[in-house]
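One structure below.
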Number of protein chains: 2
Amino acid sequence: MRAPLPAGSTLDAVARAAEVSSATVSRFFNTPKMLSPRTTQRVREAVERLGYVPNLLAGGLASSRTRLVTAVIPEISRSLFASTIQALTDTLAAKGYSVMLGLTGAHEEHAEREILSIIGRRPEGIILTGPTLPPEARRRLKGSDITIIETWDLPAEPIDLVVGFSHEAVGRAIAAHALATGRRRAFVASATGVRALARRYGFAKAMMERGAPEPTVATFESPTTYRHGRAAVAAHLEGGGKPDIIVCSSDWSAHGALDELRRRGIRVPEEIAVIGFGDLDFASDLEPSLTTVTIDGNVIGQKAADFLLRRTQGQRIDNPVVDIGFKLMRRGSG
Amino acid sequence: MRAPLPAGSTLDAVARAAEVSSATVSRFFNTPKMLSPRTTQRVREAVERLGYVPNLLAGGLASSRTRLVTAVIPEISRSLFASTIQALTDTLAAKGYSVMLGLTGAHEEHAEREILSIIGRRPEGIILTGPTLPPEARRRLKGSDITIIETWDLPAEPIDLVVGFSHEAVGRAIAAHALATGRRRAFVASATGVRALARRYGFAKAMMERGAPEPTVATFESPTTYRHGRAAVAAHLEGGGKPDIIVCSSDWSAHGALDELRRRGIRVPEEIAVIGFGDLDFASDLEPSLTTVTIDGNVIGQKAADFLLRRTQGQRIDNPVVDIGFKLMRRGSG
DNA sequence: GTTGCCAATGTAAGCGCTTGCATCTAGACT
DNA sequence: AGTCTAGATGCAAGCGCTTACATTGGCAAC
């Protein structure tokens, strides 16, 4: 046997100090109304005196309620998903849950191992927000009995619960907007990945169905940056492109596009319109302010938390797929 | 008693399937070289057949090694600390550790509760990166036996281990640079918080000691945004300010400052220099490119992971405070 | 053929909690 | 006074692992 876990005394120590049984101390934390005021007081004092902090591992093991939720995202930096994670964490923290982060990175082999290590902690729920997982990992999740929530998309074959929106619909909406404002020659600076692909497809299809020429596409490793936007626009224009609208796969790259156009003395939106994606904090402050697509990441996080909580309370969920939609914010850039 | 934990079979089930004892299966996962090739093979098959995933809760409880590390940050969005967390996670994941996120938010009362819930999971280490914790929370941590690593700063009274740099020194370095390039009338668009305060102080002190007038300061709720930068500059100039250098507490606000100056037809750096903080990905792509302060967040994350791993291996740490320094990147904006 | 040793396994006692069930103590009622 | 009930507490059996210690078998050395 090893040294006891660091950080503190045990339930039993508290029980002895308060001269009650350990079950009573456990109830003090979990079902306080079961205790008489006198006992409550005694236990409270002992807990404070010893600086006792319950061991959630032991508790989780005994009760099979770990109060743990894992959010899986591709990478933490510059993430659109920040607001979702934040909302999720805030909502769940209020209920005593902790949120673990699973960063899968780009490598699929890692994703597999990561999923195992996640399942190993027996979280009560897993929120998938960026990545498309390899099939083996998906199978593992499906077979795991854990509540799985896929977000930021509407997968064709959901694992379990879904809170998202249709990327194809976003593409179509952008096309509708472009055509309605008289644009036809589109340049698309897109990210790699299946979601950007869906937006691109929805956009191109809708454009072409209404007689516009097929958009020119440049793709960049996700997530797209300011630099990508500048570079893409520069390259396209130098290559003789004559777009009247530039569709970017993030507000960052749209920002870069805007700056590159200004540098070249091209007026936005008079000569070329620019559209972003994400409606990040700076979008409305740019000059011209950026037309973009808003997704309410907070709502995604909240609904996901909601789903989870309902599941853990054993309620059944009638409508396992929630489409939270999106909004095209028309601003100065087009 | 309750239903067993979701997600799978137990060590015992695997042991039965492989016709070995549960200890052997445990060794299969933890000390594989102790097993004979034949046994290894048998166990491997049973594990695969049953899709068994070890329960890390039970393992952690039994071994007092949770392989868990918690990173405490104020909020996930737009965080400078992203690279640190990423590096930390990557480094630790390779060793079988998981990283939990603790988001303290702005509220100090929450921080207290959050810390308790973190300690409750018995992580082997806690990385503090954004927030200054309330004293009670600090005391709890100090008394907890858990390895604590404070980052992104050099606290006067460290709890335990430290990987950071001196914000005051950053301020002084900016001042030295400003004076060396002939700037004296500074406007500082700063964030709230003790670190921005230290930078401000270091800057102002160094400026004044060399005969420059006291800088004008405007502060904004942290983290400072593009909008803050624009607004601060606009307000300062409209109020009759005649700075020859604008010092911003983030690259985001510096970016806003740059755009606002351009809008007003003020040339950078000829008339006014602009300096940021953080050297975010877009800093070198702006026009003019942004002079700013680089901190290597990756290195912080790696060193922190290193500290942790060494602690868990029982090595003693001779030099518990690491100053990783910073670099002033001189670019086009001043 | 013994003896000794070591590598490979098994046995079983926890790790620190939760919780079904048993027990006890006070009223409340008859 | 006697019976019931229900609220408050205690008892003890796990939860699924790890690991100190005991046991076994095979082989080199004598």
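So you know, we letter chains A, B, ... as the sequences are listed, proteins then strands, and number each from 1. Values reported hereafter were calculated over all heavy atoms of this structure, with side chains retained and with hydrogens, waters and symmetry mates removed.
- Each of B/A58 and B/T24 lies near DNA chain C, and the nucleotide nearest B/T24 is the one positioned closer to the 5' end.
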For this session: Give the intermediate values and the outcome of salt bridge (charged side-chain N to carboxylate O under 4.0 Å, His left out) for residues B/R311 and B/D160.
Result: CA-CA 11 Å; B/R311 262 287 172 74; B/D160 187 2; 3.0 Å; yes
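- For B/R65 and D/dG16, the CZ to P distance is 23 Å, given to the nearest whole Å.
- Side-chain N/O atoms of B/N30 include none lying less than 4.0 angstrom from OP1 or OP2 on D/dT19.
- Rounding to the nearest 0.5 Å gives a distance of 6.0 Å between CG of A/L133 and CG of A/L141.
- Taking atom CG of A/L57 as the reference point, atom C1' of C/dG14 lies 16 Å away to the nearest angstrom.
- One atom, CG of B/L61, and another, P of C/dA13, lie 17 Å apart when rounded to the nearest Å.
- Within 4.0 Å of B/L35, counting heavy atoms only, lie sugar-phosphate atoms of the nucleic acid but no base atom.
- Comparing D/dG16, D/dC11, D/dT19 by their nearest atom to the side chain of B/R27 picks out D/dT19.
- If you take CZ of B/R67 and C1' of D/dC17, they are 14 Å apart, rounded to a whole angstrom.
- Distance CZ (B/F28) to P (D/dT19): 17 Å, rounded to an integer number of Å.
- Side-chain atoms of A/S22 never come within 3.5 Å of backbone atoms of A/D12 as a donor-acceptor pair (strictly under, hydrogens ignored).
- For B/S21, a side-chain nitrogen or oxygen approaches OP1 or OP2 of C/dG10 to under 4.0 Å.
- Per the geometry, CZ belonging to A/R16 stands 19 Å off P belonging to D/dT9, to the nearest Å.
- With D/dT18, D/dG10, D/dC17 as the choices, the nucleotide that has an atom nearest any side-chain atom of A/A23 turns out to be D/dG10.
- Side chains of B/R67 and B/S98: a donor-acceptor N/O pair is absent below 3.5 angstrom, by distance only.
- Taking atom CD of B/E19 as the reference point, atom P of C/dA8 lies 20 Å away to the nearest angstrom.
- In this structure, B/F165 and B/W152 have perpendicular ring planes: the angle between them is above 60°, well past the 30° mark.
- Of the candidates D/dG10, C/dT18, D/dG16, C/dT18 carries the atom nearest the A/L11 side chain, counting heavy atoms from C-beta on.
- Phosphate contact (OP1/OP2 of D/dT9, side-chain N/O of A/S36, threshold under 4.0 Å): present.
- Summarising the geometry, the separation between CZ on B/R122 and C1' on C/dC17 is reported as 11 Å, rounded to the nearest angstrom.
- Taking side-chain N and O atoms only, B/S26 has a distance below 4.0 Å to OP1 or OP2 of D/dT18.
- Comparing C/dA8, C/dT11, C/dG16 by their closest approach to the side chain of B/T39 singles out C/dA8.
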